[in-house]
Amino acid sequence: MDSIAFGRSIGLEAYLGALLETLPDMLLVLDCEFRTLAINPAGLAAIGAGSLDEARGLKLAALMSPQDIAALRASFDTALLGPDEPAAPVCVTITCADKTECVLECRLARLVGAAGKVEGVLIRAQDITACLAASRDAEDNTALVRAVLATVPSAMVVTDEHGRITLFSSAAQEMFGYREDEVLGRNVSLLMPSPHREAHDGYIARYLETGERRIIGIGRVVEGLRKDGSVFPTELSVGEARSGEHRAFTGFHRDLTTQIETEASLHRMQSELAHASRLSAVGTLASALAHEINQPLAAIANYLSAGQELLDADRPNAREIVRDALEAAANEALRAGQIVHRLRGFVSKGEVDSEIFSLKELIDEAATLGLVGTRAKSVDFQVVIDPEVDCVVADRIQIQQVLVNLMRNAVEAMEQSPVRRIVVHALPSGEDRVELVVADSGPGIAPALVGELFKPFTGTKRKGMGLGLSICRTIVEAHGGKLTVEPSEAGGTQFRFTVLRALPDAPLGF
Ligand code: ADP
């Protein structure tokens with residue numbers, strides 16, 4: 001740029017006057033001896049001078065450090081004597097009238113008069129204190145963001161509105177196996193397996209168009225894809241940040257692999273415990289079961305030998321009598337077979353987790369084992385199922401185990417009772433559960449056991465381990481229910497628990 005030159009028609013004073021008044025920056029005109037010729041109101045206000053004369057009277061040393069004076073002087077000399085190129089800006093710090101420090105960026109240009117004579121130097125000083133503070137703040141913020149990204153324990157992935165990754169925390173690098181520079185600027189779908197990978201841009205577009213939130217602010221369990229191609233479960237919470245026109249999406253990932261493995265192993269242990277308890281229950285039932293199976297076998301033997309005798313005697317109506325005897329024998333064989341079949345199911349490991357089944361069938365099956373050996377004791381057994389709730393979703397064998405346990409306990413408690421009645425009720429509970437109630441007419445819970453009943457190794461039976469109810473409670477809780485006890489209407493005890501109802505489109509799992 002050329003040095004400023006003034007035409008003849010408008011004098012130096014007029015130019016300077018207009019400049020001095022209108023520009024918000026501080027303007028100072030120095031003559032060739034570094035003396036103040038003019039200063040604008042902004043300059044006067046900054047240094048606390050009321051007039052040009054007062055400004056002239058101020059010592060430079062009172063305003064700035066010797067280094068800054070030297071730098072300004074050097075720039076002045078360059079502007080004055082140097083070529084026509086403007087001198088590089090120089091930054092100085094002045095102590096203002098209000099005692100605050102201002103950083104001024106000074107640009108200097110020489111003033112050449114009408115005759116081509118160098119008249120002095122114009123200094124335009126811009127206060128860049130706020131600007132410097134803002135850029136320092138921005139640097140601090142960047143450093144802070146870096147520190148957060150390096151230390152935040154969750155894997156944090158920030159994307160712009162096009163799904164491009166803009167920040168990738170250290171934990172995210174560890175979780176996904178990518179370095180930050182490998183993912184910055186790439187589409188976040190890189191971290192997802194199919195089909196979400198292909199659909200993700202569509203998800204963002206739909207959100208930007210409709211504003212309908214399906215994951216933002218909600219969070220859900222999704223699948224993550226590592227650099228090595230392995231897929232893992234992660235809990236993803238997505239937030240949205242807006243700054244002016246721009247949006248950023250912040251995603252926090254929590255790797256659920258260990259949690260899911262731990263839950264699976266707990267679930268395995270719980271089901272092994274339940275299995276061990278079923279085996280032990282069958283052990284205590286062994287003699288009653290042997291008796292129960294022996295009866296049909298004895299009856300079959302009787303029917304067969306009676307039939308044989310009839311045939312040997314060659315009686316006229318032998319054919320009909322033998323046919324009836326064979327039918328009765330077949331029924332007894334079926335009954336024995338049914339007990340063995342149910343017993344086999346009961347002691348099986350029960351690998352299937354949850355299935356939909358009919359409560360009526362389940363209660364019938366449980367009663368076969370639960371009421372074993374009670375025929376002679378004449379226990380009155382009733383089942384009342386609300387037709388609305390016949391189908392439930394649960395681990396069939398485990399719920400059967402709970403029912404068998406409650407029925408066995410009831411039978412044993414009622415041994416000395418004049419009236420022996422067990423009623424099993426199934427009724428709706430809330431919107432999606434079924435309540436099962438097993439009530440008896442026994443003596444009620446022994447006072448010493450109240451409040452302790454569900455603790456392991458608690459009981460009044462000589463043979464019992466006192467584990468049955470505690471295992472029942474574990475099973476019911478694993479099904480999202482609660483096992484409770486209270487007096488029954490018949491003066492005995494009743495236990496209540498709930499299981500999930502099979503609604504028409506209910507998902508499997510509890
Ligand atoms: P166990 O495995 O030894 O049968 P449980 O945990 O099933 O132990 O039962 C613990 C105790 O709870 C029993 O010893 C009994 O005293 C009491 N109990 C359970 N059910 C009933 C009931 N229906 N009526 C009265 N007492 C009961």
Side-chain angles (χ1 to χ4, degrees), residues 271 274-307 324-352 355 357-385 390 392 394-415 420-424 426 436 438-440 442 461 463-465 467-469 471-472 475 495:
S271 102
H275 181 232
S277 150
R278 288 198 294 278
L279 289 180
S280 133
V282 170
T284 59
L285 280 180
S287 77
L289 274 167
H291 181 70
E292 194 86 4
I293 294 171
N294 214 20
Q295 274 182 339
L297 288 180
I300 292 166
N302 283 342
Y303 284 128
L304 292 180
S305 72
D324 289 348
L326 284 181
E327 197 182 320
N331 283 341
E332 292 294 328
L334 275 179
R335 209 169 74 78
Q338 203 181 39
I339 294 172
V340 171
H341 179 72
R342 287 183 180 170
L343 195 61
R344 211 170 51 188
F346 191 68
V347 295
S348 79
K349 273 207 145 202
E351 296 296 348
V352 183
E355 54 184 309
F357 53 85
S358 143
L359 262 187
K360 184 179 164 358
E361 277 172 31
L362 183 82
I363 295 171
D364 285 350
E365 284 170 14
T368 311
L369 298 174
L371 304 182
V372 115
T374 57
R375 266 199 289 182
K377 294 177 197 155
S378 64
V379 170
D380 175 14
F381 180 68
Q382 276 182 29
V383 180
V384 186
I385 298 179
D390 188 44
V392 296
D395 181 319
R396 181 188 175 103
I397 293 181
Q398 290 195 1
I399 295 302
Q400 185 180 343
Q401 175 175 359
V402 173
L403 287 170
V404 170
N405 210 310
L406 297 180
M407 288 179 198
R408 292 300 311 162
N409 278 348
V411 167
E412 284 166 20
M414 293 188 301
E415 219 145 58
R420 299 192 191 101
R421 171 174 298 152
I422 297 179
V423 183
V424 180
L436 285 149
V438 180
D440 65 50
K461 295 179 207 163
K463 285 190 194 156
M465 294 261 290
L467 281 175
L469 287 176
I471 290 171
C472 287
I475 292 176
F495 289 86

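The structure presented is a predicted model; accordingly, all values stated were derived computationally and were not measured.
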* To do: Begin with the C-alpha distance, continue with both residues' side-chain angles, and end with the deciding distance and a verdict on side chain to side chain contact (heavy atoms under 4.5 Å, CB included) for H275 and L279.
  => CA-CA 6 Å; H275 181 232; L279 289 180; 3.9 Å; yes
* Asked: Can V402 and I471 be said to form a side chain to side chain contact (heavy atoms under 4.5 Å, CB included), step by step?
  -> CA-CA 8 Å; V402 173; I471 290 171; over 6 Å; no
* May I have the step-by-step check of side chain to side chain contact (heavy atoms under 4.5 Å, CB included) for V438 and V423, ending in yes or no? => CA-CA 6 Å; V438 180; V423 183; over 6 Å; no
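Side-chain polar atoms of Q398 and S271 form no donor-acceptor pair below 3.5 angstrom.
Closest of all the heavy-atom pairs between A274 and I475 is CB-CD1, 4.0 Å. Looking at every heavy atom in both residues, N405 comes nearest to G468 through ND2-CA, 3.4 Å. Contact record, Q401 with S277: NE2-OG, 3.1 Å, taken as the closest heavy-atom pair.
L369 places a side-chain heavy atom less than 4.5 Å from the side chain of Q400. Annotation: side chain of I363 is in contact with side chain of F381 (closest heavy-atom distance under 4.5 Å). Side-chain contact check for V424 versus V384: every heavy-atom pair is 4.5 Å or farther apart. Using a 4.5 Å cut-off on side-chain heavy atoms (C-beta onward), D440 and V411 make no contact. Between I422 and Q382 the shortest side-chain heavy-atom distance does not fall below 4.5 Å.
With hydrogens and angles ignored, the 3.5 Å screen pairs no side-chain donor or acceptor of R420 with any backbone N or O of S378. A donor-acceptor distance shorter than 3.5 angstrom exists from the side chain of R408 to the backbone of V372, with no hydrogens or angles considered.
Each salt bridge (charged side-chain N to carboxylate O under 4.0 Å, His left out) pair with one or both residues in residues 362-374, not counting sequence neighbours, appears once here: K360-D364, E365-R396.
Atom CZ of residue R335 and atom OG1 of residue T368 lie 9.5 Å apart, to the nearest 0.5 angstrom. To the nearest 0.5 Å, the span separating CG on L304 from CD on E332 amounts to 11.0 Å.
For the side chain to side chain contact (heavy atoms under 4.5 Å, CB included) test, residues two or more places apart in sequence or in another chain that qualify with A413 are P443. Scored by the side chain to side chain contact (heavy atoms under 4.5 Å, CB included) test, A329 finds I300, Y303 as partners (sequence neighbours excluded). Remark: A426 engages L359, I385, V389, V434, L436 in a side chain to side chain contact (heavy atoms under 4.5 Å, CB included) (not counting sequence neighbours). For the salt bridge (charged side-chain N to carboxylate O under 4.0 Å, His left out) test, no residue two or more places apart in sequence or in another chain qualifies with D324. The side chain to side chain contact (heavy atoms under 4.5 Å, CB included) search around S305 returns none, not counting sequence neighbours.
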